[in-house]
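Naming convention: chains lettered A, B, ... in sequence-line order (proteins, then strands); numbering from 1 in each chain.
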Amino acid sequence: MHRFSFLGPLKGALFLKEMRCYFIMPTVRVRFAPSPTGELHIGGARTALFNYLFASAAGGEFVLRIDDTDLERSRSDYIDKLISSMHWLGLTWDEGPVYQSKRLGHYTEAAERLVKEKKAYHCYCSTETLTEGRSEAKKENRAYLYPGTCRDLTEDQEESYRSEGRSSVIRLHTPDEGTTVVKDIIRGEVDFENKYIDDLIIIKSNGLPTYNFASMIDDLQMGITHVIRAEEHLSNTPRQQLCAEALGYDLPIFAHVPMILAPDRSKLSKRHGATSVEEFYSEGYLPEALVNYMALLGWSPGAGGEEEIFTLDEMVNRFDLNKVTKTAAVYDVTKLGWMNSHYIRTYNLNKLTEAALPFFEKKGLVQSPLKEQDYDYLEQVIAAVRERAKTLAELADISDYFFLDSFDYEEKGMKKHFQKENAASYIRKAAKLLQSLETHDKEAIEALYRSLSEELGISMGRLIHPTRMAITGRTAGPGLFEIMVLLGRRKTVERLEKAATYIENELPEQ
RNA sequence: GGCCCCUUCGUCUAAUCGGUUAGGACACCAGCCUUUCAAGCUGGCAACAGGGGUUCGAAUCCCCUAGGGGUCACCA
């Protein structure tokens, strides 16, 4: 299939960036236009990302527009959430937010002009009439198309309808023959026969524009050069183009990106777990990881490019709409988890601590505001455990013993390490030696354990495993000596003795 | 149902104009490393939806079938 290389001249423009003021360059202007009827979900977020990447790569502008013409469903708290989600992801925009609800005059003006030019007309058909026609069509198993009843009403007819108090909508007079071609960067040319497109409503009886009309007018009047949006809009694009043509505007170039599907290949919804950016935030994903993951859903740098980890800037440098797939993608939390763990491991420690703090607070492990030394301690703990967590929430989960003095011993660990012969006495011996150790540092402790294991004639493991259980309650975690240093001598010794007593008194003889 | 889009390992994907042992990543399995768990390293498992053409040669071009998705609102 033929693909357009619309980016050609733009690459040139990029090349001549410094000379921009001397030449008139084709400027890229894109928009992300969510409707504030819910939280920003992963599909919308990726559309925003692609817009951002495309605009940034071309040195163009990115506009944020809020499509809030549906007064019933739009809510201002969703607008706030949407904006904060965008900020959190790091997707900055150059203009806006522009609200459709504040541009209503433009839509009615355009519609009236079309009526005056006889390209649109008032339709007085009742909802009942229309639904009737629709259900009849369904019965006969054919598609319903508005029959054009009100296309050629006379002045007198209109007058009498109005005096009857009948309300009207405005419909666009669409051609009955011919083909409307959508030029799409990702899909090539898509043909739609006009005979299947009926006279769509552009202004509702309440005076508000319909989505297709308002959206197209905005794109046109705002000078949008590339409309990058989800594939679900592809089928409606010919209608929008017909609006633009009637109005006499040049068309923007389209790019319909594939949808993101749930694991069962159905449309993503609440019952599929976390799908909104907000939820990913509260589950402890890092914005860089989410962005990186989303970028790879439908896009890949292509031939030769085998890496998967990209910073936003790297993505900007390599992004190309022509390399976006046509196939809908199933989103897979497992890979997101891997990516997130990668970012947790490699993040700047300070930033990571900052991001993780709320999760430690939520578990009651620390309390804000933190004293400086507590903050340092938290940072060291995070440095020690970060390699083992997939989310920030998990980071807090596996760190509890660093902050809590009482914790349960893991069941399987007790069987494996506490119920071994002499476990209690080994632990006591270690505790005693640690107590009188000159310096409580990694090297000294390790040396101590080595010599003790030799002295007792047992393997290091026989000593180390019960010790880990004693001071963390767990069988897994960071290097043992590292934990002991972080915990400090007093707590280490206390926990060892407590565990020894526990084994002696609570554990049944095997 | 009409119209439109899509179809490569379980998942995300790669494969300049038709010629590859169909590549990578996640997941999974095994080994190495190791005080545990991770991480890391090495290896393994695993795909061109099906059927017809065109061609010396097809994942790649054409047609058909099947499956998935979208859309057909006075929702966006």
Side-chain angles (χ1 to χ4, degrees), chain A residues 33-37 67-70 72-74 100 123 127 130-131 134 137-138 140-145 167-171 182 184 186-187 190-193 195-198 200-206 208-212 214-215 230-239 256 258-259 261 263 265-267 293 296-309 323 325-339 341-342 345 385-389 398 413 416-417 446 449 453 459-465 467-469 472 474-481:
Chain A
S35 63
T37 53
D67 281 7
D68 57 351
T69 49
D70 185 352
E72 309 267 307
R73 295 199 300 148
S74 294
Q100 276 194 331
C123 167
T127 322
L130 297 177
T131 11
R134 248 177 236 121
K138 186 150 196 182
E140 291 168 32
N141 233 342
R142 60 181 167 83
Y144 173 79
L145 292 174
S167 62
S168 69
V169 299
I170 300 180
R171 305 187 96 111
V182 175
D184 190 287
I186 296 169
R187 283 151 217 286
V190 185
D191 296 351
F192 293 88
E193 287 188 69
K195 66 178 177 192
Y196 295 119
I197 302 172
D198 62 0
L200 63 144
I201 294 173
I202 56 178
I203 301 287
K204 302 182 258 186
S205 60
N206 63 4
L208 294 175
T210 52
Y211 166 77
N212 281 308
S215 176
E231 194 194 337
E232 53 184 317
H233 294 287
L234 181 58
S235 297
N236 278 322
T237 307
R239 295 166 196 283
H256 288 94
M259 317 241 340
L261 270 26
R265 296 227 142 241
S266 70
K267 207 173 175 181
Y293 178 73
L296 260 21
L297 237 38
W299 171 76
S300 84
E306 250 144 45
E307 46 304 28
E308 305 247 316
I309 304 290
K323 290 203 134 330
T325 15
K326 291 183 258 202
T327 329
V330 169
Y331 112 89
D332 172 29
V333 236
T334 316
K335 187 155 183 180
L336 208 211
W338 164 77
M339 200 157 262
S341 75
H342 170 87
R345 257 178 279 136
V385 303
R386 71 197 300 191
E387 212 162 84
R388 281 154 262 262
I398 59 174
K416 227 169 149 186
H417 306 305
E446 183 164 358
Y449 266 72
S453 74
S459 69
M460 279 278 270
R462 285 292 305 274
L463 227 40
I464 279 173
H465 299 311
T467 303
R468 179 189 304 282
M469 275 293 294
T472 71
R474 299 170 186 247
T475 54
L480 179 66
F481 308 125

Pairing of A/Lys335 and A/Asp332 as salt bridge, 4.0 angstrom limit |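 No salt bridge links A/Lys335 with A/Asp332.
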Any donor-acceptor N/O pair under 3.5 Å between B/U36 base and A/Arg474 side chain =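 When only heavy-atom distances are counted, A/Arg474 does not reach the base of B/U36 through any donor-acceptor pair under 3.5 Å.
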Any N or O donor-acceptor pair linking the side chain of A/Arg388 to the base of B/C37 at under 3.5 Å?
->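 For A/Arg388, whose side chain was compared with the base of B/C37, there is a donor-acceptor pair (under 3.5 Å).
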Within less than 4.0 Å of OP1 or OP2 of [N], is there a side-chain N or O belonging to [X]?
X        : N     : value
A/Lys335 : B/G24 : no
A/Thr334 : B/A27 : no
A/Arg134 : B/C74 : yes
A/Ser235 : B/C3  : no
A/Arg265 : B/G67 : no
A/Lys323 : B/A15 : yes
A/Thr69  : B/A76 : yes

Partner nucleotide, any strand, of [N] [Watson-Crick/G-U, under 3.5 Å]:
N     : result
B/C9  : none
B/A22 : none
B/A39 : none
B/C61 : B/G53
B/C3  : B/G70

How far, in whole Å, is B/C62 from B/U7 if one measures between their P atoms?
-> 12 Å
Rounded distance in Å between the P positions of B/A66 and B/A59 |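 Each nucleotide's P atom is 24 Å from the other's.
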Whole-Å gap separating [atom2] ([N]) and [atom1] ([X]):
X        : N     : atom1 : atom2 : value
A/Asn236 : B/G2  : CG    : P     : 19 Å
A/His256 : B/G70 : NE2   : P     : 15 Å
A/Lys267 : B/U71 : NZ    : P     : 5 Å
A/Asp332 : B/G10 : CG    : P     : 13 Å

From the options B/A25, B/C74, B/C3, select the nucleotide whose nearest atom is closest to the side chain of A/Ile201.
-> B/C74
5'-most contact on RNA chain B (nearest-nucleotide basis), A/Thr327 vs A/Phe481, goes to A/Thr327
Of A/Met259 and A/Ser167, the one whose closest nucleotide on RNA chain B sits nearer the 5' end is A/Met259
